[in-house]
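Below: one structure, written as structure tokens.
Keep in mind it's a predicted model, so treat the numbers as computed, not measured.
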Amino acid sequence: MIDYLTEPDGGMGLEIDDILPPATLAQWMDEADLCDGRYYSAGFYRFDNSPESVINKILASCDGWLCEAGDGTLSLTVGVYREPINAPLTAKHILGWSINRGIAYEELVNQLDVTYTNPAAGYVADQIDSVRDEDLISRIGEVRAKPLDLSWVQDAWQANLLAERAMLRLNASGGTFVTDLYGLRYLGRRWIPVRFPDVAGLEDCVVEIQDRAKVDLLAGQVTFNWKLVDRDALAALGAATPALIRQDGTYYRRHDDTVLVRQN
């Protein structure tokens with residue numbers, strides 16, 4: 001990711017000191033450490049591919065979240081859940097809110113059909129077993145499938161982990177918060193703790209910010225779009241035992257092609 005952002009020939013040519021000053025670069029390196037054994041990105045792009053397309057491919061390979069922080073630097077958070085350390089957002093600073101409790105029936109998705117790049121088959125597109133929400137399938141009595149393209153992922157174990165994380169997000173409740181300027185402290189934060197007893201389900205929770213916050217300094221407001229986080233489920237996925245990797249980034253495997261994992 002850093003290479004693409006800063007490479008002048010074929011990349012975006014940004015100055016690393018502008019987007020990643022020392023403290024931010026150190027934070028990115030911490031995120032890279034969390035990727036070891038979990039996430040590995042391998043793909044190619046043409047020089048005429050849009051930066052958005054290339055960055056999204058890289059982020060998809062690690063369930064990454066990239067956003068501008070309040071100081072103008074780039075904040076990166078990979079897909080390993082950690083409890084947020086910020087003070088919670090409370091009613092004192094919430095000026096307005098909306099909530100959608102789940103997804104409309106016709107938009108429900110309970111199966112992800114996952115495609116990745118399989119080196120063992122000559123680096124062609126291949127599929128893993130579909131990731132399914134069996135409880136939801138049972139409740140509505142039918143399969144509602146959606147494709148998940150992970151073409152820059154070259155390992156079935158990694159593709160399955162990413163799909164499990166994506167499934168948790170698909171049908172989660174979501175909404176918006178409009179805050180006063182206190183909300184500026186949450187810019188660049190993927191997960192925000194919320195204590196809002198006025199609304200059922202938001203009494204003591206964590207939300208995941210879905211896109212760039214809208215800041216209106218003249219009005220003194222910050223608007224966030226969010227989805228509710230299943231903390232236990234995400235933490236369980238984050239605790240998935242990392243695979244053992246070689247120096248070239250590939251995974252050690254058994255004879256049956258399953259990935260070796262670290263033993264505690």
Side-chain angles (χ1 to χ4, degrees), residues 56 59-60 63-68 75 77 79 81-84 86-114 130-149 162-216 219-238:
N56 284 340
L59 292 176
D63 189 25
W65 185 94
L66 184 67
C67 190
E68 186 176 347
S75 176
T77 308
Y81 179 70
R82 289 139 279 170
E83 286 289 330
N86 294 83
L89 177 63
T90 65
K92 177 181 178 181
H93 301 290
I94 296 175
L95 305 177
W97 57 274
S98 68
I99 185 168
N100 300 314
R101 297 193 179 278
I103 304 298
Y105 178 82
E106 61 273 12
E107 297 176 4
L108 288 172
V109 175
N110 52 29
Q111 177 174 300
L112 287 174
D113 296 330
V114 185
S130 296
V131 173
R132 295 158 57 93
D133 184 336
E134 297 292 354
D135 289 341
L136 185 55
I137 291 173
S138 178
R139 288 205 305 273
I140 69 174
E142 64 176 317
V143 172
R144 301 274 189 82
K146 178 181 179 179
L148 178 61
D149 175 22
L162 290 164
E164 293 279 2
R165 295 183 64 87
M167 180 62 77
L168 290 176
R169 191 179 297 117
L170 275 175
N171 302 313
S173 298
T176 61
F177 285 128
V178 180
T179 76
D180 58 22
L181 293 182
Y182 184 87
L184 291 172
R185 68 185 56 205
Y186 300 118
L187 297 181
R189 301 293 184 178
R190 180 174 187 170
W191 298 295
I192 295 177
V194 176
R195 291 181 186 165
F196 193 27
D198 297 351
V199 181
L202 302 182
E203 299 92 341
D204 185 8
C205 66
V206 174
V207 300
E208 181 181 50
I209 304 306
Q210 294 305 295
D211 50 31
R212 184 177 180 179
K214 180 181 178 181
V215 178
D216 187 339
Q221 295 181 351
V222 184
T223 302
F224 297 97
N225 296 320
W226 54 268
K227 282 198 172 184
L228 196 62
V229 168
D230 184 337
R231 286 182 281 184
D232 291 339
L234 264 187
L237 289 177

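A donor-acceptor contact shorter than 3.5 Å links the side chain of Tyr186 to the backbone of Leu89. Arg165 contributes no side-chain N or O that, together with a main-chain N or O of Asp63, makes up a donor-acceptor pair within less than 3.5 Å. A distance-only check finds a donor-acceptor pair linking the side chain of Trp65 to the backbone of Ile209 [under 3.5 Å].
Remark: Asp133 CG to Met167 CE distance equals 6.0 Å, nearest 0.5 Å. Interatomic distance, Asn110 CG to Leu170 CG, rounded to the nearest 0.5 Å: 9.5 Å. Here the straight-line distance linking atom CZ of Phe177 with atom CD of Gln221 works out to 14.5 Å at 0.5 Å rounding. Rounded to the nearest 0.5 angstrom, Ser75 OG and Leu187 CG are separated by 10.0 Å. Atoms CG and CG, from Leu148 and Asp113 in turn, are 9.5 Å apart once rounded to the nearest 0.5 Å.
For Glu134, the side-chain hydrogen bond (donor to acceptor under 3.5 Å, both in side chains) criterion is met by Arg132, not counting sequence neighbours. Partners of Asp204 according to the salt bridge (Lys or Arg N to Asp or Glu O under 4.0 Å) rule, which considers only residues two or more places apart in sequence or in another chain, are Arg195. Among residues two or more places apart in sequence or in another chain, the side chain to side chain contact (heavy atoms under 4.5 Å, CB included) test is passed with Leu168 by Ala233, Leu234, Leu237. Residues passing the ring-ring contact (aromatic ring centres under 6.0 Å, His included) test with Phe224: none are found, sequence neighbours excluded. Not counting sequence neighbours, the partners of Asp149 by the side-chain hydrogen bond (donor to acceptor under 3.5 Å, both in side chains) test are Lys57. Here Glu142 pairs with Tyr105, Ile140, Arg144 under the side chain to side chain contact (heavy atoms under 4.5 Å, CB included) rule; sequence neighbours left out. With sequence neighbours left out, Glu203 forms a salt bridge (Lys or Arg N to Asp or Glu O under 4.0 Å) with no residue at all. Every residue meeting the salt bridge (Lys or Arg N to Asp or Glu O under 4.0 Å) condition with Glu208, not counting sequence neighbours, appears here in chain and number order: Arg169, Arg190. The side-chain hydrogen bond (donor to acceptor under 3.5 Å, both in side chains) test applied to Arg82 returns Glu31, not counting sequence neighbours. Listed by chain and residue number, Thr176 satisfy the side-chain hydrogen bond (donor to acceptor under 3.5 Å, both in side chains) test with Ser98 (two or more places apart in sequence, or in another chain). When the salt bridge (Lys or Arg N to Asp or Glu O under 4.0 Å) test is applied to Arg189, no partner is found at least two apart in sequence or on another chain.
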Applying side chain to side chain contact (heavy atoms under 4.5 Å, CB included) to Trp226 and Val206, what does each step give before you reach the verdict? CA-CA 10 Å; Trp226 54 268; Val206 174; over 6 Å; no
Could you give me the CA-CA distance, side-chain angles and deciding distance for Trp97 and Asp198, then say whether side chain to side chain contact (heavy atoms under 4.5 Å, CB included) is met? CA-CA 11 Å; Trp97 57 274; Asp198 297 351; 5.8 Å; no
Side chain to side chain contact (heavy atoms under 4.5 Å, CB included) between Tyr81 and Val229, worked out: CA-CA 10 Å; Tyr81 179 70; Val229 168; 4.2 Å; yes
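Applying the salt bridge (charged side-chain N to carboxylate O under 4.0 Å, His left out) rule to pairs touching residues 221-237 yields Glu83-Arg231, sequence neighbours excluded.
The two residues Val114 and Ala163 have their closest heavy-atom pair at CG2-CB, 3.6 Å. Counting all heavy atoms, side chain and backbone alike, Val222 lies closest to Asp180 at CG2-O, 4.0 Å. Scanning both residues, Leu136 and Val109, for their nearest heavy atoms gives CD2-O, 3.8 Å.
Contact check for Leu202 versus Leu228: side-chain heavy atoms found under the 4.5 Å cut-off. Proximity of Asn86 to Ile192: side-chain heavy atoms (C-beta onward) are nowhere separated by under 4.5 Å.
Tyr182 and His93 have parallel rings, their planes meeting at less than 30° on a 0 to 90° scale where 60° marks the start of perpendicular.
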